[in-house]
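Taking it in order: structure first as structure tokens, then the write-up.
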Amino acid sequence: MIILKSPREIGLMRAGGQILAEAMERLRDLVKPGVSTLEIDREVEEFIRSRGAKPAFKGYRGFPATICTSINEEVVHGIPSAHRRVKEGDIISLDLGCIVDGYYADCAITMAIGELPPRVQELLTVTEEGLERAIAECRPNRRLGDVSHAVQSHVECHGFSVVRAFVGHGIGQVLHEDPQVPNFGEPGRGPLLKPGMVLAVEPMVTMGSWEVRILEDRWTAVTEDGSLAAHFEHTVAITEDGPEVLTRLDGGRGSGAP
Ligand code: MG
């Protein structure tokens, strides 16, 4: 069942979203060669708590940290570690969530550490563009399949693949609510989008095959073929006027690709 949110509820999710957006800004300075993924985690946890919010992922089904840190062929759900340091040429996906007064917000970004080969930079660019195109579909009278198709068509026309095993999701008083938001699908299919729906839209894109497997830590998802992967995510409210990106600093009204 898809739960519609009131303006008050969306306001709480916006408050959480702004905290995450600010945390992301701080990470742009912190995430440099030599920093450990645990140091990044500590920084984000301290910041989220300093703003009176709670980390959303810590303890979620036993996840041990505040953020997910997934490097290179790791797609999602990497566990921060004092022994894992980022280095020049890496790409690192950072997934952040927080709770304000019982309501969740969720976002992710993939950052380049230094210079990347052009095709790897293109992976990041195309994944983020896929997210923007999907956000542009988050408006009344579109269908969920339009959101999914926006990602898939953009990604595949650039020769990349979308992961099937993980999908975006509705979000509210629970981190993962209905509906599932796949990054693949047919336009014009699925539930009709309505004002008050809030979706975490999150393309996960690889340079090779879309197949993934889970490491022995039972969390980290890596590409089966070892190819690099990128992940971008925003929490998006559907309003009468179109998408409002709750996890973007300016509120994100009217943004998104054409
Ligand atoms: Mg999510």
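Both counts, for ligands and for their atoms, begin at 1 and track the order of listing.
Closest to the Mg ion (ligand 1) among the N, O or S atoms of E202 is OE2. When distances from the Mg ion (ligand 1) to the N, O or S atoms of E233 are compared, OE2 comes out shortest.
For Y60 and H176, the distance between ring centers is under 6.0 angstrom.
Residue contacts to the Mg ion (ligand 1): D106 brings an N, O or S atom closer than 2.8 Å. Metal site remark for the Mg ion (ligand 1): H169 contributes an N, O or S atom at a distance under 2.8 Å.
With 3.5 Å as the limit, one finds a donor-acceptor pair spanning the side chains of T110 and S93.
Taking Ile, Leu, Val, Met, Phe, Trp and Tyr as hydrophobic and joining them when side-chain heavy atoms fall under 4.5 Å apart, one finds L215 in a cluster with V222.
Between atom OG1 of residue T206 and atom CD of residue E224 there is a gap of 11.5 Å, rounded to the nearest 0.5 Å.
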